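Just below is one structure, and these are the notes that go with it.
These numbers were taken from a predicted model, which means no experiment stands behind them. Just follow the structure's listing: the first ligand is 1, and inside any ligand the first atom is 1.
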Amino acid sequence: MAPAPPPTPPTSPRWGLRLSSVAGVAAVLIAAFQFQQQGSFSIAAKDESIYCYEGVKTEALPSSQGDNNCFGVSLATGEFTRVFERSSSGDSSIEIRKGYVLPGLWDGHGHLMQYGEFLHSADLFGAGSFEEIRRRLRGYLDLNPGVGTRDRWARGVGWDQMALGGMPTAEQLELDERLKGRYLMLDRVDVHCTWVSQAILDLLPDDIPDVPGGEIIRTPGMGVFCDNAMDIVTSLWPRPNTATKQEFVKSAMKELHKVGLVGMHDAGVFPSDIALYNEMSDTEDWTLRVYAMLECAERNTYCPEDAKKIEHPHGIFTVRSVKLFADGALGSRGSALLEPYTDAPSTSGSLLVNASTLTSLTKSWSGAGFQVNIHAIGDLANRYAIDAFEAAAAVSSSTEAEEAKQQHRFRIEHTQIIHPLDQSRLHKLGIIPSIQPTHATSDMAYAESRLGAERIKQEAYRMRSLLGLGLSPVLGSDFPVEPPNPFAGIYAAVARKNPATDLGAPGEEEKGWFTEEALTLEEALWGFTKGAAYGAFLENKAGVIRRGAFADWVVLDEPLEAYGVEGLRSLRVRETWVGGRRVYSRDQDAQGEKEDKDSIGGGDL
Ligand SMILES: *[C@@H]1O[C@H](CO)[C@@H](O)[C@H](O)[C@H]1NC(C)=O
Ligand SMILES: [Zn+2]
């Protein structure tokens, strides 16, 4: 028998505050109707909806919770009211919905606006030649008339000079008649470099001096600007207006729900975008939980005038942390290393900020009550980040060490190459590593040539080594740098193989890359649920199905364990729910938008 449609109220009560009195009455009426339908189920509260599934996994690494397959959801608060087993409820009339439930998944490090922009940009990921890049750009311009002009630059992302066989130049774009004269700004796969067309170069002065903490690629020709030098071109870019940005956010949230994400940590949001998010979070368009890290308009500064903490009472939008950047990325040799690059002995990368400034910024922000999250890839950057955290924690010497850990929850974003001594310090200080498992499997092809065998073995892309006592890493994807699918991230963490290709590192494709650093399925799930929740001060509220937690869940066709490791690669989420409201349904999605509107209640999206 087909399951009945979900009992959703006619308007959105998810975030409680916006529940108008009319809607409130309607919700109660619906709940009362549902109560009637459920007959003898005597303990159903007035505003409670009951959901039973074939199975419900309430949390990763469960401790004491037994079998459960039902939970209650409060329509007023959007929270779980209770978790129980249908057979022990004494009510056999409760409908069992198809599928197996997991707690809602979180991406612990992504970029919402950039992902939305990416969805509206030319996709250059995986392009293996300049001809392929030009072909994709032609296709993009065909689909987006009016883009590529002085006022509206065409954007793209995903190129990698390693796959292209050489550093791009503006010249390469001029070779195509359709692209010639267009305004094109194309980000490298790691977003640490951007490649621009001749029309944009023509806006710059003839002699461009070098920039500290940045690189202007001058050979084989002009066109690429990295790290701090990116500002030279991005400062000229006519930025998208508010309406366009709202479209980006909406597209991004919709796409993220499709892969089971109910929330994300936005790893660097400018004050102007925080204001935009804050406004949007009061509207129907905002369906994803966002924990935003403030990034000052000027990178690596203290900007208390822009630092307003935001804690939405229903956890849909939170600002209480900042993002600082110690260095750049490994691919462009922008990450700061203790010893020179193995394949470029004359350089050891560069810091974006010196150690003393990093420490004073960390102290200032921490003193202002903000969680500090430092981007650190290279082992020098990781060392300085830990030094900064150690110094900032020492300031609050009145608190016990354990209390200080809880209070600060300092995070290192990426924690990619970290010296063994600093791995120990990280554990000791209770610093949270924020890791992207797919970065390891994307970088494994070239990481060893950059770092050499020894550093790879002892320092790079740790996961298991960074599992702490009760503290798992926060796991994420860094979307749009990597695809946002958390099951791909779980696969990469467990198999240490590339989820797109199913292969390990070149030469050893059959086996995972340094599998001694692999996580178990449960540990990886932890990182995308409870680990991410802890890293955002949302433990017991997010990433878990229990009374009082946000009523967020994901429905799969099978229990997670039943897919097997290889099955994770093709796993497709069936439904995603946020705050007791369905935000994605695979079946509805397949039937198209119109059907969507006709057949599901107004509470669904
Ligand atoms: C660190 O950088 C700041 C700001 O650029 C500068 O004022 C300071 O002198 C630098 N300190 C050291 C030790 O280089
Ligand atoms: Zn990032």
Basic-acidic side-chain contact under 4.0 Å: Asp266, Lys323:
no
Pairing of Arg239 and Asp273 as salt bridge, 4.0 angstrom limit:
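Salt bridge: no.
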So, using side-chain contact (heavy atoms from CB on, under 4.5 Å) as the criterion, who are the partners of Ser346 when residues are at least two apart?
none
Evaluate the ring planes of His109 and His111, with Trp represented by its six-membered ring, and classify them as parallel (under 30°), tilted (30 to 60°) or perpendicular (over 60°).
perpendicular
Give the ring-plane orientation class for His439 versus His414, where under 30° counts as parallel, over 60° as perpendicular and anything between as tilted.
tilted
Find out whether [X] and [Y] are in side-chain contact, i.e. whether some heavy atom of one side chain is under 4.5 Å from a heavy atom of the other.
| X | Y | result |
| --- | --- | --- |
| Leu256 | Leu288 | yes |
| Leu173 | Trp195 | yes |
| Ile232 | Ile216 | yes |

Note down each nitrogen or oxygen pair, ligand 1 side and protein side, whose separation is under 3.5 Å; give only atom names and the distance to 0.1 Å.
| unit_1 | atom_1 | unit_2 | atom_2 | d |
| --- | --- | --- | --- | --- |
| ligand 1 | 2 (O) | Asn354 | ND2 | 2.3 |
| ligand 1 | 2 (O) | Thr357 | OG1 | 3.3 |
| ligand 1 | 11 (N) | Asn354 | ND2 | 2.9 |
| ligand 1 | 14 (O) | Asn354 | ND2 | 3.3 |

Counting no waters, what protein N/O/S atoms lie under 2.8 Å from the Zn ion (ligand 2)?
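Atoms qualifying: His109 NE2, His111 NE2, Asp478 OD1.
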Pairs meeting criterion side-chain hydrogen bond (donor to acceptor under 3.5 Å, both in side chains) with involvement of residues 224-234, two or more places apart:
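Sorted result for residues 224-234: His192-Asp227.
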